[in-house]
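Each remark here refers to the structure printed beneath this line.
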Number of protein chains: 2
Amino acid sequence: MRKVFLFMDTIINKVDAKGRVSLPSDYRAIVKELSSEIVCYRSLSAPCIEGCLEETLDKLATDIENATDFFSETQDNLTNLVFGDARRFTFDSTGRINLSEKLLQHAQITDTAVFVGKGRKFQIWNPQNWQKEEARIRAEVLKNRPSLNIKREAE
Amino acid sequence: MRKVFLFMDTIINKVDAKGRVSLPSDYRAIVKELSSEIVCYRSLSAPCIEGCLEETLDKLATDIENATDFFSETQDNLTNLVFGDARRFTFDSTGRINLSEKLLQHAQITDTAVFVGKGRKFQIWNPQNWQKEEARIRAEVLKNRPSLNIKREAE
DNA sequence: TGGTATAGCATGGTATTTTATGGGATTCAA
DNA sequence: TTGAATCCCATAAAATACCATGCTATACCA
């Protein structure tokens, strides 16, 4: 596995009648080092699909196990919500995945999808929704310059 | 054996008159790497069936040993409840297991079963019950956003 | 710098495989 | 011998892999 891997850039691709979309080739290059699978799930906080490597979710599973008790309600709730929603999507030789109805509906995607890199994860948006969301984020950043402060708080 | 294996997604399958259910193919793929057996038991906290690899229960046994005293009532109770209830279920060439009456009754399952991935484990629910449970969990998580806090605590 | 060749990519269509599930046969135990 | 559990076979539907084409971005050369 490569030491450095980041999902980046914003790419627009078509979704055909069967729900097939080409995963951007840059993204594929990252995944291909391990397998030909990507994990997708409905974002908890926004009307979009999120994607990442299975490895990333595996880390989360371990984190949850370490942070909560086997019999605790919190562990139950979290694992149900996260893993109950996530699913593996394998892409074929041409690099397409077949998104499920559930995911497409949640993101209000019909015939076009926008892939937005987020580092270890990426998101898939309806083009109009993404346009609005990006404007909103930019406006907020201009007001508050939040990024650096937030990092300090967390450390 | 694969480095990463997670039970994911939510899948609805039919239960026939004999009590047979297809284990979702993704789940089978995970199990098949080791054997053709899965362990199931009645959930301690919810009206559903829980399933996992025997390996996972083995880890739990170790955890219980480490966390409680050999002679303690807690260890007694836990081990009785978990291991007294658990049973191996082998699936046939078409991938079906034959759930026992005891398990089906506990989960109120008659003709349809919902498999819910939970990472290292999965659950089997009655469809209506799962629908309610999922709504409850989502509402609770949206109120508290527990995931991030828990992660911080663990670090 | 400008123009052309080439390789890679997205996308539409088609073929193949896998999977869920019903029904029946067989085995084993009571 | 009867009942229950397990195994095997058949089928329809859905998921997935493969093939072919047109386009775009990149590389190469004059």
Side-chain angles (χ1 to χ4, degrees), chain A residues 7-33 35-41 49 51 54 86-105 109-117 122 124-127, chain B residues 7-33 35-40 49 51 87-105 109-117 122 124-127 130:
Chain A
F7 295 110
M8 289 192 273
D9 205 359
T10 298
I11 281 128
I12 300 171
N13 278 343
K14 286 201 178 170
V15 182
D16 71 12
K18 301 181 195 170
R20 294 185 299 184
V21 212
S22 284
L23 205 66
S25 64
D26 271 13
Y27 293 16
R28 250 180 289 158
I30 292 172
V31 183
K32 265 189 180 166
E33 307 235 339
S35 64
S36 57
E37 292 181 334
I38 200 93
V39 174
C40 292
Y41 52 94
I49 302 165
E54 185 165 356
R87 205 194 114 184
R88 275 181 220 98
F89 291 88
T90 60
F91 46 85
D92 60 21
S93 52
T94 62
R96 276 184 294 194
I97 55 173
N98 212 328
L99 291 172
S100 67
E101 260 309 307
K102 184 175 76 172
L103 292 180
L104 291 173
Q105 277 184 14
I109 293 171
T110 55
D111 60 349
T112 314
V114 181
F115 290 79
V116 184
F122 61 89
I124 314 178
W125 284 80
N126 163 305
Chain B
F7 295 108
M8 290 193 272
D9 205 0
T10 298
I11 282 133
I12 300 172
N13 278 344
K14 289 199 176 171
V15 183
D16 70 12
K18 302 179 193 174
R20 295 183 299 182
V21 212
S22 284
L23 203 66
S25 65
D26 268 15
Y27 292 17
R28 251 180 289 158
I30 291 171
V31 183
K32 265 189 181 165
E33 308 235 340
S35 65
S36 58
E37 290 181 335
I38 200 92
V39 174
C40 292
I49 303 165
R87 202 196 113 186
R88 283 181 208 94
F89 290 86
T90 60
F91 47 85
D92 61 21
S93 55
T94 61
R96 278 185 289 197
I97 54 174
N98 212 326
L99 291 171
S100 67
E101 260 311 306
K102 184 175 76 173
L103 293 180
L104 291 173
Q105 276 183 17
I109 292 171
T110 55
D111 60 349
T112 313
V114 180
F115 290 79
V116 183
F122 61 89
I124 314 178
W125 285 79
N126 162 305
W130 169 242

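Quick note on labels: first sequence line is chain A, next is B, and so on, each numbered from 1. All of these numbers come straight from a predicted model, not from anything done at the bench.
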How far apart are the closest heavy atoms of B:Leu104 and B:Gly19, and which atoms are they?
CD1-CA, 4.5 Å

Rounded to whole Å, CD1 of B:Ile12 lies from C1' of D:dA14 at a distance of 15 Å

Heteroatom pairs (N/O) under 3.5 angstrom, protein to nucleotides 3-13 of chain D:
unit_1, atom_1, unit_2, atom_2, d
D:dC7, N4, B:Arg20, NH1, 2.8

Rounding to 0.5 Å, atoms CD1 (B:Ile109) and CD1 (B:Ile49) come to a distance of 4.0 Å

Return the value, rounded to whole Å, for the distance between atom CG of A:Asp26 and atom P of D:dT26.
11 Å

Looking only at heavy atoms, which two atoms of A:Asp16 and A:Lys18 are closest? And how far apart?
OD1-N, 2.9 Å

From the options C:dA10, C:dT21, C:dG12, select the nucleotide whose nearest atom is closest to the side chain of A:Asp16.
C:dG12

Give the rounded distance in Å between these two atoms: CD1 of B:Ile11 and P of D:dA14.
15 Å

Out of A:Phe89, A:Phe91, A:Phe7, which residue meets the ring-ring contact (aromatic ring centres under 6.0 Å, His included) rule with A:Tyr27?
A:Phe7

Could you give the distance from CG (A:Asn13) to CG (A:Asp111), rounded to the nearest 0.5 Å?
12.0 Å

Heavy-atom check, side chain of B:Leu23 versus side chain of B:Phe122, under 4.5 Å
yes

What is the nucleic acid contact for A:Ser22, judged by heavy atoms within less than 4.0 Å: base, sugar-phosphate only, or nothing?
base

Separation of D:dA15 atom P from A:Leu99 atom CG, nearest Å, is 13 Å

Rounded distance in Å - NZ (B:Lys14) to P (C:dT21):
7 Å

Would you indicate which nucleotide in C:dA10, C:dT21, C:dT11 comes nearest to any side-chain atom of A:Arg28?
C:dA10

